[in-house]
Chemist: 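First the structure, which I've put down as structure tokens, then a few questions once you've had a look.
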Amino acid sequence: MRQSIRFALAAAAAGLAWGYLRHRKDGRAAVFAAIQALEWFVAYGGATALLERVREGLEGGEVEVERVTHTRQTIVDHEG
């Protein structure tokens, strides 16, 4: 999991640089760069990895956590 967070942080750093370079002539270059960094962080799994660490921290204590992250679809074929 640490590797995925590191990868996402690297993606965020690259997004920050890319966003700044792309909008460097705009007065809001820093804002655009921060948004680009956040987008890349989330896209490369950073948010998921952070949430998993928080969940593991909670589960390590006496708090019981139930996750609902998968959806199951059942298809019934009624021949007739």
Side-chain angles (χ1 to χ4, degrees):
M1 179 183 337
R2 284 186 177 190
Q3 184 178 5
S4 61
I5 291 175
R6 287 182 188 155
F7 184 66
L9 287 172
L16 187 68
W18 174 253
Y20 184 78
L21 287 174
R22 189 170 178 213
H23 297 283
R24 64 183 172 266
K25 294 180 183 179
D26 192 323
R28 300 170 294 175
V31 174
F32 284 122
I35 291 171
Q36 186 71 55
L38 184 60
E39 286 177 353
W40 286 18
F41 180 78
V42 170
Y44 285 93
T48 302
L50 287 178
L51 289 173
E52 284 179 7
R53 297 226 11 164
V54 168
R55 180 184 47 80
E56 286 176 359
L58 290 173
E59 288 177 347
E62 296 180 17
V63 177
E64 191 172 314
V65 178
E66 181 179 333
R67 293 187 337 164
V68 180
T69 57
H70 300 285
T71 304
R72 182 184 303 176
Q73 180 179 11
T74 304
I75 299 173
V76 179
D77 186 16
H78 297 283
E79 293 182 27

Chemist: So, for Ala11 and Tyr44, which heavy atoms are closest and what is the spacing to 0.1 Å?
Modeler: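 In terms of heavy atoms, the two residues are closest at CB-CD1, 3.5 Å.
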Chemist: Please list all pairs passing the salt bridge (charged side-chain N to carboxylate O under 4.0 Å, His left out) test where one or both residues lie in residues 35-50, with sequence neighbours left out.
Modeler: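 Output for this query is empty, none listed.
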Chemist: What distance do Glu52 atom CD and Ile5 atom CD1 have between them, rounded to the nearest 0.5 Å?
Modeler: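 Here the rounded value is 8.5 Å.
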Chemist: Does anything in residues 27-37 form a salt bridge (charged side-chain N to carboxylate O under 4.0 Å, His left out)? List the pairs, not counting sequence neighbours.
Modeler: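 Checked against salt bridge (charged side-chain N to carboxylate O under 4.0 Å, His left out) - neighbours excluded - the pairs reaching residues 27-37 are Asp26-Arg28.
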Chemist: Which heavy atom of Ala49 sits nearest to which heavy atom of Ser4, and what is that distance?
Modeler: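 What the structure gives for the nearest pair is CB-OG, 3.6 Å.
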Chemist: Answer yes or no: is there a side-chain heavy-atom contact under 4.5 Å between Leu50 and Phe41?
Modeler: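 Yes, their side chains come closer than 4.5 Å.
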Chemist: Check whether any side-chain N or O of Arg6 sits under 3.5 Å from a backbone N or O of Gln3 as a donor-acceptor pair, and report yes or no.
Modeler: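 No; judged by distance alone, with no hydrogens or angles, the pair does not exist.
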Chemist: Excluding sequence neighbours, so at least two apart, what forms side chain to side chain contact (heavy atoms under 4.5 Å, CB included) with Ala29?
Modeler: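 Checked Ala29 against side chain to side chain contact (heavy atoms under 4.5 Å, CB included); matches are Tyr20, His23.
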Chemist: Partners of Leu38 by side chain to side chain contact (heavy atoms under 4.5 Å, CB included), sequence neighbours excluded?
Modeler: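 Listed in chain order: Val42.
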Chemist: Residues sharing Ile35's hydrophobic cluster, by side-chain heavy-atom contacts under 4.5 Å among ILVMFWY, directly or via others?
Modeler: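 ILVMFWY cluster around Ile35 also holds Val31.
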